[in-house]
Protein chains: 2
Amino acid sequence: MALIVQKYGGTSVGTTERIKNVARKVKASRDKGDDVVVVVSAMSGETNRLLALAEELAPNPPAREVDVLVSTGEQVTIALLTMALEQLGAPARCYTGPQVRILTDSAHSRARILDIDAKQINEDLQLGRVVVVAGFQGVDESGAITTLGRGGSDTTAVAIAAALKADECQIYTDVDGVYTTDPRVVPKARRLERITVEEMLELASLGSKVLQIRSVEFAGKYKVPLRVLSSFKEGPGTLITYEENPMEEPLISGIAFNRDEAKLTVLGAPDVPGIAASILGPISEAGIEVDMIIQNVSTSGATDFTFTVHKRDYEKALGILEGNKEKLGAREIYGDPKIVKLSLVGVGMRSHAGVASTMFKALSAEGINIQMISTSEIKISTVVDEKYLELGVRTLHTAFGLDDENAPVEAEDEKA
Amino acid sequence: MALIVQKYGGTSVGTTERIKNVARKVKASRDKGDDVVVVVSAMSGETNRLLALAEELAPNPPAREVDVLVSTGEQVTIALLTMALEQLGAPARCYTGPQVRILTDSAHSRARILDIDAKQINEDLQLGRVVVVAGFQGVDESGAITTLGRGGSDTTAVAIAAALKADECQIYTDVDGVYTTDPRVVPKARRLERITVEEMLELASLGSKVLQIRSVEFAGKYKVPLRVLSSFKEGPGTLITYEENPMEEPLISGIAFNRDEAKLTVLGAPDVPGIAASILGPISEAGIEVDMIIQNVSTSGATDFTFTVHKRDYEKALGILEGNKEKLGAREIYGDPKIVKLSLVGVGMRSHAGVASTMFKALSAEGINIQMISTSEIKISTVVDEKYLELGVRTLHTAFGLDDENAPVEAEDEKA
């Protein structure tokens with residue numbers, strides 16, 4: 001008998017039929033003898049419906065009231081799921097975030113969980129009840145309703161699992177696990193049986209949007225065993241692990257890519273102390289987030305400085321650099337929004353030399369020119385022309401032995 | 001400068017346009033220098049939408065979860081109204097029932113308010129804020145969400161007005177006040193400037209559904225000055241008063257009617273002690289509520305016993321009486337669902353003789369036969385054939401000088 005926290009997202013509870021389906025899955029776990037706490041999101045579409053109402057009243061509605069408004073979404077779901085469970089003969093109790101009580105800071109619409117009172121949940125579990133908790137929401141010290149921001153239900157589930165010292169936190173979603181890369185790009189992509197939390201963090205932040213990144217950080221911090229699996233399809237999903245066992249670790253776990261970035265280069269700036277701060281200061285003051293940053297060793301006292309930003313900030317960032325060109329003493333400002341970032345992720349690469357050279361060789365064999373390189377302990381990222389996205393990912397997937405040999409035969413579509 | 005509690009029902013906040021209209025009305029009161037607390041219902045249709053979802057999951061959903069579900073309706077409205085107020089430049093704060101906190105007993109779906117903590121509201125008012133509170137809902141000792149039952153938002157408004165010792169509690173609705181009778185039946189019906197709480201209670205329970213009866217009882221208990229007025233039309237509405245000033249009281253304030261009752265008679269039952277209990281015991285055990293009860297003085301040891309029930313319970317009640325006929329020793333059981341109850345209401349009748357005789361004379365002059373009579377201190381009710389409803393109400397309205405002489409000329413439609 002285990003204590004399991006299960007989280008079902010908006011798509012999984014999008015209709016009353018789907019809520020019945022979730023109730024049956026929860027009851028099945030219960031019937032196996034497990035204690036179950038369920039965390040749910042708002043029915044899909046509900047949050048947007050509520051926000052549309054708000055926008056009819058105020059173009060920029062105050063965050064405090066937006067939280068009061070949108071938190072009703074999960075409250076509806078917990079009530080409906082509890083009714084469905086009781087209808088199936090499974091005794092259940094539901095609680096809003098404030099009721100549990102999930103204490104957060106006061107940063108409306110992006111609050112952070114500070115503490116969870118597990119007493120009420122434990123009491124209900126001891127009475128044999130399924131406990132249904134509203135995800136995404138909490139309450140601050142003053143009693144105001146807060147929300148954790150979009151996707152925050154994952155974080156709620158992990159935080160409750162940590163507070164209860166649950167045996168496993170299961171995140172039910174519309175995919176059946178974490179894949180070696182996006183199966184829409186590489187049909188031979190394979191579901192991973194397990195992945196380390198560090199790899200998951202790199203994959204998530206690089207665009208594999210299976211789990212909300214904050215929930216993974218949270219799980220890592222409290223060592224909550226986390227499993228991603230499908231609401232609609234039976235299967236073991238992917239387990240996110242914390243113990244490292246390099247002997248068993250595959251070299252590379254997955255290949256992530258990000259098409260949302262744009263590249264900016266300051267050419268021939270004087271290589272003096274503080275030049276990086278002079279270039280990036282005005283960018284960050286304008287609220288623009290920077291991802292990769294590369295500065296080459298200088299030759300002849302001048303340096304080339306390149307960084308990437310989100311595509312939506314490209315024009316703005318370019319304008320800022322152009323405006324500062326003289327002040328920076330730069331020879332030229334150059335930008336390119338038509339790029340893509342490809343990343344290898346794997347804890348195994350720590351103990352293996354040659355991952356980078358295998359990567360560069362494989363790309364060059366396909367005639368793919370590498371524009372930028374950046375590395376961390378468990379990740380190597382390269383920036384290439386966006387037209388090489390599919391070819392690049394497919395090439396690396398094969399080069400690192402990730403292909404699922406049982407996958408359907410891939411359609412021929414070389415260099416799109 | 002006064003402290004006003006305003007309550008707006010579901011129709012008044014049924015769309016975002018109407019919520020903007022309410023925000024303008026609240027701001028106008030604020031701009032006059034009044035402190036305003038606003039109590040709102042769910043947007044019209046919302047509660048039914050939520051209950052329909054519940055019924056898809058459970059034919060008879062548990063009351064505890066229904067309360068969690070439907071209480072989201074007012075929570076949406078308080079958030080939207082507060083946004084609309086802030087958009088107009090009126091600082092505002094909103095609170096759910098549990099947040100205020102409105103403490104109730106644990107009778108889900110029909111809870112009673114036990115206590116209101118006015119501290120938070122007073123703090124906000126002192127900071128110059130409009131305070132927006134969700135009607136209809138509260139929280140019990142254990143922290144569970146409760147609701148007061150349909151129409152409970154009126155009760156919330158009155159209870160808050162009592163707790164704050166407000167100068168006036170204004171109930172905004174889709175009618176512009178309390179009328180001498182239903183204007184759809186008598187076009188000459190007049191809006192009353194004022195009415196006593198006792199009269200209001202008699203009128204409300206008799207079918208003039210302007211205010212929820214529990215809220216009127218509550219207002220009477222705490223002597224909260226209560227005013228009914230329209231959300232859509234300017235005007236002073238009707239003030240519900242507590243001081244009695246018989247010199248100024250009109251004889252009759254209004255005429256109520258009820259077409260939902262049916263009449264049952266046990267003829268020739270032995271006039272022995274306990275016969276009333278023998279007749280009505282099985283009726284009340286079947287969960288049927290009885291309204292009027294009349295037993296005539298007996299002649300020759302036998303008595304005729306008549307009572308009225310809701311039309312929907314007529315067949316059931318008749319069956320019960322038929323089944324008990326022999327046991328009761330009755331000669332005959334007789335029933336008639338085609339009746340209507342007409343009632344005169346007025347505190348003035350206490351000090352005036354002759355009201356009853358004027359009533360009976362007026363009805364008989366029109367050939368209307370009276371089947372039953374029942375009286376209380378401020379009310380006289382008669383049961384007549386349902387075909388006399390319109391004629392009877394119109395006749396009494398004129399006979400007691402209630403006609404509005406400025407009303408549009410009434411169409412000729414004698415004895416329908």
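A note on names: the letters A, B, ... follow the listed sequences, proteins ahead of strands, and every chain is numbered from 1. Any value given below was found using the heavy atoms of this structure, including those in side chains, with hydrogens, waters and symmetry copies removed.
Checked by atom type, the side-chain pair A:Ser230/A:Asp176 shows no donor-acceptor distance below 3.5 Å. With 3.5 Å as the limit, one finds a donor-acceptor pair spanning the side chains of A:Thr146 and A:Thr104. B:Gln126 and B:Asn122 form no side-chain donor-acceptor contact under 3.5 Å, judged by distance and modelled atom types alone.
Contact annotation for residues 9-20 of chain A against chain B (heavy-atom separation below 4.5 Å, listed by residue number): A:Thr16, A:Ile19, A:Lys20. Residues of residues 77-92 of chain A lying under 4.5 angstrom from chain B, judged on non-hydrogen atoms, are A:Ile78, A:Ala79, A:Leu80, A:Thr82, A:Met83, A:Ala84, A:Glu86, A:Gln87, A:Ala92 by number.
At a threshold of 4.0 Å, the pair A:Arg93-A:Glu123 does not count as salt-bridged, since none of the basic side-chain nitrogens sits closer than that to a carboxylate oxygen. Ion pairing between B:Arg101 and B:Asp117 fails under the 4.0 Å rule for side-chain N and carboxylate O.
Top candidate by heavy-atom pairs under 4.5 Å with chain B, chosen from A:Leu69, A:Asp67, A:Asn60, A:Leu57, is A:Leu57.
Atoms CD1 and CD, on A:Ile145 and A:Glu65 in that order, are 10.5 Å from each other to the nearest 0.5 Å.
For a residue to count as touching a neighbouring chain, one of its non-hydrogen atoms must lie under 4.5 Å from one of that chain's; by this rule A:Gln75 touches chain B with backbone and side chain alike. Neither the backbone nor the side chain of A:Val139 comes within less than 4.5 Å of any heavy atom in chain B. In this structure, no portion of B:Val70 lies under 4.5 Å from any heavy atom of chain A.
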Report all side-chain donor-acceptor pairs from residues 33-45 of chain B shorter than 3.5 Å, counting only partners two or more places apart or in another chain.
unit_1, atom_1, unit_2, atom_2, d
B:Asp34, OD1, B:Ala2, N, 3.0
B:Ser41, OG, B:Ser153, OG, 3.1

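Side-chain atoms of B:Asp124 do not come within 3.5 Å of backbone N or O of B:Arg129 as any donor-acceptor pair. No donor-acceptor distance shorter than 3.5 angstrom exists from the side chain of B:Glu168 to the backbone of B:Ile4, with no hydrogens or angles considered. Between the B:Gln170 side chain and the B:Leu229 main chain, no donor and acceptor come within less than 3.5 Å of each other.
In this structure, B:Glu56 has no salt bridge (charged side-chain N to carboxylate O under 4.0 Å, His left out) partners at least two apart in sequence or on a different chain.
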